[in-house]
Amino acid sequence: MRIDVLTVFPEMIRHALGISIVGRAREQGLLTAEAVDLRAFAFDRHRTTDDAPYGGGPGMVMRPEPVFAAVDSVVAGSSQIASEGRDIILLTPQGQVFNQRLAAELAVREHLILICGRYEGFDERIRDHLPTRELSIGDYVLTGGELPALVVIDAVARLIPGVLGSDESAEDDSHTSGVLEYPHYTRPPVFRDWPVPDVLLSGNHALIRRWRRERSLERTLARRPDLLDSCPLTEDDRVFLVSIGATRFAPAKPATRERSRRAARAP
Ligand code: 9WO
């Protein structure tokens with residue numbers, strides 16, 4: 001996969017792309033990722049990428065010419081990629097909210113162009129004619145799109161085959177499995193009077209698997225009950241959820257008349 005990040009602060013992107021799993025993926029040739037300086041595509045005397053808003057008012061607006069010229073240049077430099085394999089993404093608080101499903105969608109694209117704005121906003125002609133998608137990473141305003149671009153790159157890169165080692169597999173992630181992760185522990189067995197749960201030291205792998213699943217379900221019910229409505233639940237999961245008071249997850253087909261009488265009595 002190839003990723004180009006268009007920004008007036010390329011150093012912010014370059015530094016982050018050299019580190020950790022994304023840095024390793026680039027060294028291994030699994031990912032090509034580059035920062036493109038928008039100022040290099042500003043051809044007025046002062047190389048400006050912003051200007052005052054028509055109609056007046058405070059703040060500055062991102063001019064369209066440098067952004068279109070930078071996209072044209074990056075597209076020309078990757079002419080072996082068909083336009084269907086490319087996504088041009090604007091990072092703004094008004095975009096569709098990014099999530100794991102979108103990360104998986106982007107991870108199978110050949111070329112991502114991420115456009116980072118600064119100032120008070122983009123000239124609307126950028127938004128109208130350039131992006132194939134507009135993405136937000138959450139409901140807050142930042143000083144620019146660079147950190148959101150890095151968030152998207154991080155989430156996407158780890159889904160590219162070979163980027164994570166088998167030990168770091170993305171299969172079990174929260175938001176892939178649909179439930180939150182179970183609690184993790186490592187050495188020491190007791191830290192400041194706080195012991196590791198006995199079951200994890202028991203060596204009984206069936207019991208450990210069940211304990212972890214139940215902690216995942218418990219935590220998801222407490223913190224993100226919305227996730228339980230759209231994740232696959234086994235009969236055992238439902239029985240457990242009902243046992244901790246979540247009666248709305250009662251199994252669809254009660255196995256016995258007695259169980260259905262009990263379910264009918266529950267609040
Ligand atoms: C700044 C501002 C200042 C005064 C009044 C209104 C204002 N709006 C903005 C603004 O939205 N600035 C943006 C800064 C312009 C586009 C790039 N910037 C940005 C992107 N901030 N936050 C994001 C972002 C992107 C994706 N997900 C979350 C936040």
Side-chain angles (χ1 to χ4, degrees), residues 1-17 19-22 31 33-42 44 46-74 86-107 109 111-159 173-175 224 226-227:
M1 172 185 293
R2 171 171 174 159
I3 302 178
D4 288 288
V5 186
L6 280 46
T7 167
V8 289
F9 293 115
E11 288 315 314
M12 202 172 160
I13 301 294
R14 278 183 200 128
H15 188 75
L17 290 179
I19 289 170
S20 185
I21 288 171
V22 171
L31 173 68
E34 268 157 48
V36 176
D37 187 356
L38 283 168
R39 271 176 88 81
F41 295 89
D44 64 300
H46 302 287
R47 306 217 138 209
T48 49
T49 54
D50 63 328
D51 209 335
Y54 277 120
M60 298 294 268
V61 175
M62 197 111 182
R63 288 174 62 120
E65 308 96 309
V67 181
F68 278 82
V71 169
D72 285 348
S73 158
V74 157
R86 182 180 292 114
D87 250 310
I88 302 176
I89 301 167
L90 200 62
L91 286 316
T92 77
Q94 294 96 25
Q96 180 182 16
V97 179
F98 186 63
N99 61 19
Q100 193 64 31
R101 182 185 57 76
L102 285 165
E105 234 176 83
L106 298 182
R109 311 291 284 155
H111 189 190
L112 303 181
I113 300 176
L114 302 175
I115 304 172
C116 307
R118 281 272 153 179
Y119 324 118
E120 278 62 53
F122 294 95
D123 182 290
E124 194 68 11
R125 290 164 292 188
I126 296 172
R127 175 175 278 128
D128 285 344
H129 302 291
L130 211 42
T132 56
R133 309 170 181 260
E134 200 170 321
L135 295 181
S136 161
I137 61 160
D139 291 339
Y140 33 79
V141 178
L142 302 169
T143 56
E146 286 78 8
L147 292 171
L150 289 170
V151 167
V152 170
I153 292 168
D154 200 277
V156 167
R158 64 191 291 288
L159 298 179
D173 291 347
S174 302
H175 302 297
R224 293 292 307 277
D226 57 301
L227 295 179

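For ligands, and for the atoms within them, numbers begin at 1 and follow the listed sequence. What you are looking at is a predicted structure, and each value in this text was computed from that prediction instead of being measured. Hydrogens, waters and symmetry mates play no part in the numbers below; they use all other heavy atoms, side chains included.
Remark: minimum distance from atom 18 (N) of ligand 1 to any protein heavy atom is reached at Gly144 CA, 3.5 Å. Looking from atom 16 (C) of ligand 1 to the surrounding protein, the closest heavy atom is Phe122 CE1, 3.9 Å. Protein heavy atom in closest approach to atom 13 (C) of ligand 1: Tyr119 O, 3.8 Å. Counting protein heavy atoms only, atom 22 (N) of ligand 1 is closest to Leu142 N, 3.0 Å.
A donor-acceptor distance shorter than 3.5 angstrom exists from the side chain of Arg47 to the backbone of Arg39, with no hydrogens or angles considered. Although no hydrogens or angles enter the test, the distance criterion places a donor-acceptor pair under 3.5 Å between the side chain of Glu120 and the main chain of Met60.
With a heavy-atom cut-off of 4.0 Å, Ser136 touches ligand 1 through backbone and side chain alike.
Residue contacts with ligand 1: Thr143 is placed with no nitrogen or oxygen under 3.5 Å of a nitrogen or oxygen of the ligand (distance criterion only).
Residue-ligand proximity, Gly138 to ligand 1, at heavy-atom distances under 4.0 Å covers atoms 28 (C). Ligand-side atoms of ligand 1 in range of Tyr140: 28 (C), 29 (C), range being under 4.0 angstrom from any heavy atom. Each of the atoms 15 (C) of ligand 1 lies under 4.0 Å from some heavy atom of Gly121.
Ranked by closest heavy atom to atom 27 (N) of ligand 1, the top entry among Val61, Ile115, Ile137, Leu147 is Ile137. Around atom 8 (N) of ligand 1, the closest heavy atom drawn from Glu146, Glu134, Arg118, Glu120 belongs to Glu120.
Protein non-hydrogen atoms do not reach within 4.0 Å of atom 5 (C) of ligand 1. For atom 29 (C) of ligand 1, the nearest protein heavy atom lies closer than 4.0 Å.
Between Ile113 and Leu6, some side-chain heavy-atom pair lies under the 4.5 Å cut-off.
With a 6.0 Å radius and a threshold of 12 heavy atoms from other residues, nucleotides or ligands, Asp139 has its CG atom at or below the threshold.
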| Derivation and outcome, side chain to side chain contact (heavy atoms under 4.5 Å, CB included), residues Gln94 and Arg127 | CA-CA 11 Å; Gln94 294 96 25; Arg127 175 175 278 128; 2.7 Å; yes
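Every heavy atom of Phe98 sits 4.0 Å or more from the atoms of ligand 1. Within the structure, ligand 1 lacks Gly59 among the residues with a heavy atom less than 4.0 angstrom away.
Checking each of Thr7, Thr49, Asp50, Thr143 against Arg118 for a side chain to side chain donor-acceptor pair (under 3.5 Å) leaves exactly one that passes, namely Thr143.
Under the 4.0 Å criterion applied to side-chain N and carboxylate O atoms, Arg14 and Glu34 are not assigned as salt-bridge partners.
Nearest heavy-atom pair across Arg133 and Leu102 is NH1-CD2, 3.6 Å. Scanning both residues, Phe122 and Cys116, for their nearest heavy atoms gives CZ-C, 4.1 Å.
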